[in-house]
Amino acid sequence: MGERLVSKSPKQTFSGGKDFAGPLVAGDVVALSGPMGSGKTVFTQGIASGLGVTDVVNSPTFKLVGEYDSDPPLYHFDFYRIKSTADLATLGLDHYFGGEGICVIEWSDLFPDVIPRWAIRVSFERIGEGEREISIKRGESETVGN
Ligand SMILES: Nc1ncnc2c1ncn2[C@@H]1O[C@H](COP(=O)(O)OP(=O)(O)O)[C@@H](O)[C@H]1O
Ligand SMILES: [Mg+2]
């Protein structure tokens, strides 16, 4: 069953992310998708805030993964920065997914094959000036495995 949220401002998207973070637990993978400017980073900043991260959260650049020292830690990926499957391999995703932190991946649809079936999927759509539709789909049960 999906959840749906219509956000009318960046602030609402941020607080949507913050609320979303509440029930997250270590090992969760959150796969974000949607076009440029649709609110993925703003939502991630809300998640970070919900986890208690006080550092500024921006898209990871040269390190390819932003690591934040919350409890559980937050790992922020942006597949838009990944140009090849070789680059992807250097991330060592297996070490992160299902591990001790929470993984949030922007542009997850660029490399769909690496996203576990049990990931939580959040898609973003522009539905007007300043308006975004945010849809959340829970993945298959983790006991099913990947
Ligand atoms: N309702 C909204 N929710 C989120 N961002 C919005 C909204 N309305 C306008 N914006 C603007 O859209 C942009 C979203 O940027 P960002 O989160 O970086 O997108 P993405 O990471 O998906 O490329 C920001 O400039 C933000 O101010
Ligand atoms: Mg972004």
Side-chain angles (χ1 to χ4, degrees), residues 1-140:
M1 198 192 69
E3 299 148 63
R4 199 162 280 236
L5 164 74
V6 172
S7 160
K8 296 190 181 296
S9 68
K11 214 172 157 182
Q12 267 189 4
T13 297
F14 182 93
S15 60
K18 198 168 172 174
D19 293 344
F20 173 82
L24 292 179
V25 295
D28 279 346
V29 173
V30 182
L32 310 183
S33 61
M36 187 74 71
S38 58
K40 301 180 295 298
T41 297
V42 172
F43 190 81
T44 304
Q45 289 164 342
I47 293 176
S49 168
L51 294 175
V53 172
T54 51
D55 288 350
V56 177
V57 174
N58 279 313
S59 277
T61 50
F62 72 100
K63 268 199 71 192
L64 298 178
V65 52
E67 307 199 358
Y68 300 91
D69 197 12
S70 44
D71 182 22
L74 171 66
Y75 302 118
H76 180 203
F77 301 89
D78 188 346
F79 282 179
Y80 196 81
R81 311 271 186 193
I82 310 288
K83 296 304 171 199
S84 66
T85 48
D87 273 2
L88 192 67
T90 66
L91 285 176
L93 289 174
D94 291 346
H95 164 80
Y96 289 97
F97 293 176
E100 80 282 7
I102 290 166
C103 296
V104 177
I105 308 153
E106 296 194 42
W107 290 97
S108 63
D109 45 327
L110 291 180
F111 295 99
D113 295 349
V114 302
I115 305 300
R117 285 201 296 266
W118 43 265
I120 306 167
R121 290 163 201 276
V122 186
S123 61
F124 297 78
E125 203 183 326
R126 292 174 98 109
I127 53 173
E129 188 61 45
E131 278 193 309
R132 305 288 187 268
E133 185 173 87
I134 302 168
S135 306
I136 301 170
K137 268 195 201 149
R138 308 278 157 187
E140 289 175 18

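This is a predicted model, so every value here is computed, not measured. Numbering of ligands and ligand atoms starts at 1, following listing order.
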To which protein heavy atom is [atom] closest, and what is the distance rounded to 0.1 Å?
{"atom": "atom 9 (C) of ligand 1", "value": "R132 NH2, 3.4 Å"}
{"atom": "atom 22 (O) of ligand 1", "value": "K40 NZ, 2.7 Å"}
{"atom": "atom 27 (O) of ligand 1", "value": "P10 CG, 3.5 Å"}
{"atom": "atom 4 (C) of ligand 1", "value": "T13 OG1, 3.3 Å"}
{"atom": "atom 19 (O) of ligand 1", "value": "G39 N, 3.2 Å"}

Counting distance only, does the side-chain N/O of [X] pair as donor-acceptor with the main-chain N or O of [Y] below 3.5 Å?
{"X": "S49", "Y": "Q45", "answer": "no"}
{"X": "K137", "Y": "A119", "answer": "no"}
{"X": "S38", "Y": "E125", "answer": "no"}

Is there any N or O on [X] that sits under 3.5 Å from an N or O of ligand 1?
{"X": "S7", "answer": "yes"}
{"X": "V42", "answer": "yes"}
{"X": "K8", "answer": "no"}

I'd like to check the ring pair (Phe, Tyr, Trp, His ring centres under 6.0 Å) partners of F97; sequence neighbours left out, ordered by chain and number.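 Partners of F97 under the ring pair (Phe, Tyr, Trp, His ring centres under 6.0 Å) test: none.
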If we count only non-hydrogen protein atoms and require a distance under 4.0 Å, does atom 25 (O) of ligand 1 qualify as touching the protein?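 False for atom 25 (O) of ligand 1.
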Looking at [X], which atoms of ligand 1 are within less than 4.0 Å of one of its heavy atoms?
{"X": "P35", "result": "22 (O)"}
{"X": "S38", "result": "19 (O), 20 (P), 22 (O)"}
{"X": "G130", "result": "1 (N), 2 (C), 7 (C), 8 (N), 9 (C)"}

At the Mg ion (ligand 2): angle between T41 atom OG1 and E106 atom OE1, to 10 degrees: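 Approximately 80° at the metal, rounded to tens of degrees.
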What class does the angle between the rings of Y96 and Y75 fall in, given that below 30° is parallel, 30 to 60° is tilted and above 60° is perpendicular?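 Ring orientation, 0 to 90° scale: perpendicular.
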Heavy-atom nearest option to atom 21 (O) of ligand 1, drawn from T44, D78, T41, I127: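 Comparing heavy atoms across T44, D78, T41, I127, the nearest one to atom 21 (O) of ligand 1 lies in T41.
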Who's closest to atom 20 (P) of ligand 1 heavy-atom-wise, of S59, G17, G37, G34?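 The residue whose heavy atom sits nearest atom 20 (P) of ligand 1 is G37.
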Under the side chain to side chain contact (heavy atoms under 4.5 Å, CB included) criterion, do L93 and I105 qualify, and how do the steps go? CA-CA 11 Å; L93 289 174; I105 308 153; 5.8 Å; no
Between the side chains of R81 and E106, is the shortest nitrogen-to-carboxylate-oxygen separation below 4.0 Å, so that they form an ion pair?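 So E106 does not pair with R81 through a salt bridge.
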Just to be sure I read this right, does ligand 1 sit under 4.0 Å from the backbone of E106, its side chain, both, or neither, counting only heavy atoms?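 Side chain only.
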Option among F79, Y80, F77 that satisfies the ring pair (Phe, Tyr, Trp, His ring centres under 6.0 Å) test with W107: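 The option that passes is Y80.
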For D69, is the CG atom crowded, meaning more than 12 foreign heavy atoms sit under 6.0 Å from it?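 Open.
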Mind checking the CD1-CZ spacing from I136 to F43? Nearest 0.5 Å is all I need.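 Answer for the CD1-CZ pair, I136 versus F43, is 5.0 Å.
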